[in-house]
2 protein chains.
Amino acid sequence: MDKSFHYMLMAVQAHFSRMIMEESAKVSLTTGQPKVLDYLLLHNGSIQKDIAAGCCIDVATMTGILSRMEDKGLIERKNKNGNRRSLYVYLTEKGEKTAEQMKGIFSRGEDAAFSGISDEEKESFLETLYKICENLTDTEVLQ
Amino acid sequence: MDKSFHYMLMAVQAHFSRMIMEESAKVSLTTGQPKVLDYLLLHNGSIQKDIAAGCCIDVATMTGILSRMEDKGLIERKNKNGNRRSLYVYLTEKGEKTAEQMKGIFSRGEDAAFSGISDEEKESFLETLYKICENLTDTEVLQ
DNA sequence: TAGAAACAATTTGCATGCTAATTATAATTT
DNA sequence: AAATTATAATTAGCATGCAAATTGTTTCTA
């Protein structure tokens with residue numbers, strides 16, 4: 001196996017997200033939806049622009065994901081304070097339940113990824129990952 | 001920022017691949033093409049199934065990527081030894097030149113990601129990343 | 001060796017992902 | 001206040017990504 005950073009990043013991301021997709025399909029979620037539920041659990045009532053930034057995808061992509069989630073009754077989109085330009089997004093009860101299920105799925109996926117790796121090693125890995133994250137991130141994009 | 005593994009993995013992957021896309025667009029490559037060139041530089045003459053596995057994507061996706069790369073003269077697809085089922089893929093001269101350019105782009109991207117991180121820290125990060133890679137990978141998929 | 005099974009690639013249909021252009025609304029400027 | 005500018009969301013067009021079905025070829029097996 002190629003041990004370069006870019007290759008392993010691609011491989012880990014691909015396999016991890018495939019694992020998450022497989023599990024989330026069992027609770028009737030498509031690829032783009034888990035990250036949105038995860039974000040809304042922490043930031044319920046955000047506008048679409050901020051959800052997109054938090055999920056690291058374009059607002060144009062977010063439109064489609066959210067409209068399918070609204071159709072399925074996972075979220076609601078509302079105007080607020082007479083502002084008709086911004087749309088505030090809220091989890092429904094069903095959406096909150098599904099988001100909680102996703103937390104378990106993410107957690108089990110993480111356990112699988114770090115299987116056989118000590119807490120200390122995991123800890124310092126995550127610290128470096130955080131530094132990389134900051135290096136690659138314009139602070140305003142992820143707020 | 002959310003410091004969970006799954007969140008940071010998503011963020012790093014998104015920002016890193018966006019950086020690579022931006023640079024590779026300058027040498028007229030689309031999203032899926034850099035990883036194929038990178039793979040072929042190490043495994044020229046592979047069949048499509050193996051390239052797909054090496055790039056961690058489905059063979060069905062590979063079909064389209066390769067056909068666009070063939071149209072642009074980056075690769076050639078040939079039959080071999082009277083076997084009309086498998087297609088062996090080779091870099092053209094143009095493809096090889098572009099692949100070499102991509103190596104530079106990947107390398108500069110990696111430098112940006114690890115900016116301010118010591119060689120020792122980077123080394124142990126990559127070791128853990130490799131373990132995670134193995135944990136998530138069925139050996140036969142990536143050979 | 002004929003039929004069955006396996007295999008490599010493609011096609012189809014859908015859901016992301018992007019950029020660029022558009023629409024509608026809000027805020028600023030003059 | 002009217003015109004300009006900025007902003008949030010959507011739409012359109014393309015390239016991935018997937019799963020499932022199909023096609024053509026090869027291998028196995030009875």
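As a basis for the values below, the full set of heavy atoms in this structure was taken, side chains included, without hydrogen atoms, waters or symmetry mates. Reminder, nothing fancy here: chain letters follow the sequence lines and each chain counts from 1.
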Problem - Separation of atom CZ in Phe16(B) from atom P in dC18(C), rounded to whole Å - result: 16 Å
Completion exercise
Angle separating the five-pair end axes of the helix from dT1(C)-dA30(D) to dT30(C)-dA1(D), nearest 10°, is 10°
Exercise for the section: Please report the shortest heavy-atom distance between Arg77(A) and Ile75(A), naming the atom on each side. Expected result: CG-CD1, 4.3 Å
Exercise for the section: Look at the side chain of Ile57(A) and decide which nucleotide, out of dT16(C), dC18(C), dG17(D), has an atom nearest to it. Expected result: dC18(C)
Exercise for the section: Answer yes or no: is there a side-chain heavy-atom contact under 4.5 Å between Phe125(A) and Leu129(B)? Expected result: yes
Problem - Inter-residue atom distance Tyr130(A).OH - Asn135(A).CG, 0.5 Å rounding - result: 11.0 Å
Problem - Length of the line joining Glu70(A):CD and dA15(C):P, which is rounded to integer Å - result: 16 Å
Practice task
Please report the shortest heavy-atom distance between Ala112(A) and Met19(A), naming the atom on each side.
Solution key: CB-CE, 4.2 Å
Exercise for the section: Please check the phosphate of dA15(D) (OP1 and OP2 only) for any side-chain N or O of Lys35(B) closer than 4.0 Å. Expected result: no
Problem - Lys72(A) vs dA15(C): side-chain N/O to OP1/OP2 distance below 4.0 Å - result: no
Handout entry: Straight-line distance of Leu40(A) CG to Cys55(A) SG, nearest 0.5 Å
Key = 7.5 Å
Practice task
Specify the separation, in whole Å, of atom CD of Gln13(B) and atom P of dC18(C).
Solution key: 10 Å
Handout entry: Footprint string (nucleotides 3-14 of chain C, 5' to 3'): B base within contact, S backbone only, - free, heavy atoms under 4.0 Å
Key = ---BBSSBB---
Handout entry: Spacing of Gln33(A) atom CD relative to dA15(C) atom P, expressed in whole Å
Key = 9 Å
Exercise for the section: Would you mind reading off the distance between Ile65(A) atom CD1 and dT10(D) atom P, rounded to a whole angstrom? Expected result: 12 Å
Fill in the blank from the handout: Asn83(B) CG to dT27(D) C1', in whole Å, measures 11 Å
Handout entry: Under-4.0 Å side-chain N/O to phosphate OP1/OP2 contact, Arg84(A) with dA9(D)
Key = no
Handout entry: Val36(A) side chain near Met62(A) side chain, heavy-atom distance below 4.5 Å
Key = yes
Handout entry: Test item: Met8(B) and Leu126(A) side chains (from C-beta on) under 4.5 Å apart, heavy atoms
Key = yes
Atom pairs and distances, donor-acceptor, side-chain atoms in residues 22-34 of chain A, under 3.5 Å, two or more places apart:
residue: Glu23(A); atom: OE2; partner: Lys26(A); partner atom: NZ; Å: 3.1
residue: Ser24(A); atom: OG; partner: Ile20(A); partner atom: O; Å: 2.8
residue: Ser24(A); atom: OG; partner: Met21(A); partner atom: O; Å: 3.2
residue: Thr30(A); atom: OG1; partner: Gln33(A); partner atom: NE2; Å: 3.0
residue: Gln33(A); atom: OE1; partner: Thr30(A); partner atom: N; Å: 3.2
residue: Gln33(A); atom: OE1; partner: Lys72(A); partner atom: NZ; Å: 3.3

Exercise for the section: Mind calculating the distance between CE (Met21(B)) and C1' (dA15(D)) to the nearest angstrom? Expected result: 9 Å
Completion exercise
Here the distance between atom C1' of dG17(C) and atom CD1 of Ile51(A), to the nearest Å, is 17 Å
Handout entry: Parallel, tilted or perpendicular, as decided by the 30° and 60° cut-offs, for the rings of Phe5(B) and Phe16(A)
Key = perpendicular
